[in-house]
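Below is one structure; the comments refer to it alone.
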Amino acid sequence: MRTSQLLIPTLREDPGEAETVSHRLLLRAGMIRKVAAGVYTYLPLGLRVIRKVEAIIREEMNRAGAQELLMPIASPAELWRETGRWDFYGKELFRFKDRHERDFCLGPTHEEVITDLIRREVRSYRQLPLNCYQIQTKFRDEIRPRFGLMRGREFIMKDAYSFDQDEASARLSYQKMYDAYQRIFTRCGLTFRAVEADTGLIGGTSSHEFMVLAETGEETIVYAEAGPYAANVERAEVPPPTEVSTEPTRPLRKVPTPGARTVEEVTALLKVSPQQLVKTLLYTTAQDTVAVLLRGDHEANEVKLKKLLGVTDIALADSARVTAVTGAPVGFAGPVGLAGARIVADHAIKAMRNFVVGANEVDAHYVDANWERDFTVAGFADLRNARAGDPSPQGGGLLRVARGIEVGHVFMLGIKYSQSMKATFLDPQGRETLAVMGCYGIGVGRTASAAIEQNHDAKGIIWPTPIAPFHIHLLPLSQTKPVTDTAQMLYDRLTQAGLEVLWDDRDERAGVKFNDADLIGAPFQLIIGDKGLAQGTVELKHRKSGAVSKRPPDKVLEEAHALLPQGSS
RNA sequence: CGGGGCGUAGCGCAGCCUGGUAGCGCACCUGCUUUGGGAGCAGGAUGUCGGAGGUUCAAAUCCUCUCGCCCCGACCA
């Protein structure tokens, strides 16, 4: 296609709103434009990339035995009330009413709609297993949309739903999707890792996230330095300590700690290490207040805490609540003599002796506190985030930490939705049985963004060939007849050979064309200039390496073919 | 929702504190020259200063309200 006929509004300067590389480059390369916070128009170039990613997803989903359908964006509140998610999903759900005042929402995901379909249409185990998917625009009224296509309020997602007659069969369906995801992200040219994950709002029994490794990722993952274990930090288990302190206990003493509230201030004042301090975090749940004891250098993991408490919502107590419960301002809470809250402790505490805690009194802490002797806890549990250097819970040495972008997520749902929505079928014995479900998502725009995060340089994007908007950027450097004729000839031949060619036919200076081409990021640039033609050559330049090969124009075709994967359109 | 910040030409910004003719760079239009890494010269067009109300002889500037956006924390593909 000719540049002069395409809307490719490249920007010379960085847009002020863009924070991350992918956001900045998508805007600068003229691929997306913002319509509202978290809502974007895909311009022709951006849409081509989206379509490429979608095509790869379709091929692999179909290959894995899934079938495509298309569900509506709008869905009625009744379905969501059946599963309880009309309330549970909260403000994240875009809601609206029709002219009859009936409640609707814009689908953030489609478990309800697909389960409604399947419960109506599937009667027999003979119709299972079944895996249906769609590529559809989703809506989530995110608290904070950001990073362009990375976290939008409207975004394109592939979502698949599997229905099986039993757990064993469901695990096979899950595995097929897991394998398909490996192929999809590999084909998209991404460096990624599948990690164990929390199931979040979707619910279910187990799940894996597919994480593209990138510094700008919003997720933190941990992985064994010498083994297969990898998990989201939210999920990563921390094994209980194996060595318990054998230090003789000393008597409890109260010491003044004027103005020292934070772990740093208290440890500096008392000249102890954070490992000798126990911090007391107060959380409020719908019912009560819970005190969480953590070693001074550890971080609370709220996902684990929610699971332990069996609640869906917790929040750090506000200062009024802290004062009411402890009798002291924030910064001096401690377990000794604490009456107004249940006390739970991370199991690292179990290994500690003679530690520092808050005294529930302004400007005072206890030193040489010991659990059991000075206070009792309701229980010990894994309540902290894993971190680099912790032992891997499943062997393979110590854990390392990396940042990741979640591009895909596979869930074993079990019977959560089939139960609440009564999706049943008759098994071979004629018994009414609940379908066992799985669901599987891929963020399409996020995948494209992640590809940019991993494949760019100071000049612009360097698309992995399978998802590049064009294979070759044809750059005639002047408007002379030999150059134009050669460009036309090469454009025709390459296009006929099945390659996707973007022909920069604008009357622009060479530098402008080079810079735009580098920004847009086609894997190859074919440069045609008067100088080269005088010597009978054109140049094929590899965007990634910068390598240039000079060839006579009629030799370009075979070289281009060798360089680009067959059938990669 | 809490905290911080920004809305001035298509884009990036200055002007605001201390009220008085709305500016700069890039982009855009015309002409000439130029032409292998974002050209030069000359000329030109472009603004309800986010919106509403108020104070004032006078408001981009001060006050009030409002809308939008960005950044930092709790959600997720």
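Quick note on labels: first sequence line is chain A, next is B, and so on, each numbered from 1. Quick caveat, the model's predicted, so the values are computed rather than measured. Hydrogens, waters and symmetry mates are skipped; everything else that's a heavy atom, side chains included, is used.
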Categorize [X] for me: base, sugar-phosphate, or nothing, with a 4.0 angstrom heavy-atom threshold over every strand shown.
X: A:Gly152; value: base
X: A:Glu142; value: base
X: A:Lys34; value: sugar-phosphate

Are any of the side-chain nitrogens in [X] or [Y] under 4.0 Å away from the carboxylate oxygens of its partner?
X: A:Arg387; Y: A:Glu299; value: no
X: A:Arg2; Y: A:Asp504; value: no
X: A:Glu218; Y: A:Arg151; value: yes
X: A:Arg342; Y: A:Asp288; value: yes
X: A:Arg506; Y: A:Asp516; value: yes
X: A:Glu209; Y: A:Arg235; value: no

Watson-Crick/G-U partner (both atom distances under 3.5 Å) of [N]:
N: B:C69; value: B:G5
N: B:U64; value: B:A52
N: B:G19; value: none
N: B:A14; value: none
N: B:A42; value: B:U30
N: B:C75; value: none
N: B:A58; value: none
N: B:G36; value: none

What's the gap between [N] and [M] when it is taken at their [atom1] atoms, as a whole Å value?
N: B:G20; M: B:C62; atom1: C1'; result: 14 Å
N: B:C16; M: B:C63; atom1: P; result: 14 Å
N: B:C76; M: B:G19; atom1: C1'; result: 49 Å
N: B:A27; M: B:A42; atom1: P; result: 15 Å
N: B:U18; M: B:G12; atom1: C1'; result: 27 Å
N: B:U61; M: B:G7; atom1: P; result: 12 Å
N: B:A74; M: B:G3; atom1: C1'; result: 13 Å
N: B:A22; M: B:A45; atom1: P; result: 16 Å

To the nearest 0.5 Å, how far apart are NE2 in A:His409 and OG in A:Ser207?
3.0 Å
In whole Å, what is the span from the [atom1] atom of [X] to the [atom2] atom of [N]?
X: A:Leu93; N: B:A77; atom1: CG; atom2: C1'; result: 16 Å
X: A:Ile143; N: B:C71; atom1: CD1; atom2: P; result: 15 Å
X: A:Arg151; N: B:C69; atom1: CZ; atom2: P; result: 17 Å
X: A:Glu154; N: B:A77; atom1: CD; atom2: P; result: 17 Å
X: A:Lys306; N: B:A74; atom1: NZ; atom2: C1'; result: 8 Å
X: A:Glu92; N: B:C76; atom1: CD; atom2: P; result: 7 Å
X: A:Glu17; N: B:G10; atom1: CD; atom2: C1'; result: 14 Å
X: A:Arg85; N: B:C75; atom1: CZ; atom2: P; result: 17 Å

Any side-chain donor-acceptor pair under 3.5 Å between A:Glu68 and A:Asn62?
no
Using only modelled atom types and a 3.5 angstrom limit, is any donor from either the side chain of A:Glu218 or the base of B:C76 paired with an acceptor on the other?
no
Which sits closer to the 5' end of RNA chain B, A:Ile156 or A:His23, going by the nucleotide each is nearest to?
A:His23
Contact state string [nucleotides 24-40 of chain B, B base, S sugar-phosphate only, - no protein heavy atom under 4.0 Å]:
-BSS------B-BBBB-
With the side chain defined as heavy atoms from C-beta on, A:Arg144 is closest, among B:C70, B:C75, B:C71, to B:C71
If you check the A:Ala37 side chain, which of B:C69, B:C75, B:A77 turns out closest?
B:C69
Check side chain to side chain donor-acceptor pair (under 3.5 Å) between A:Glu219 and all other residues, then give those that pass, not counting sequence neighbours.
A:Asn232
Applying side chain to side chain donor-acceptor pair (under 3.5 Å), can you list everything that pairs with A:Arg12, at least two apart in sequence or on another chain?
none
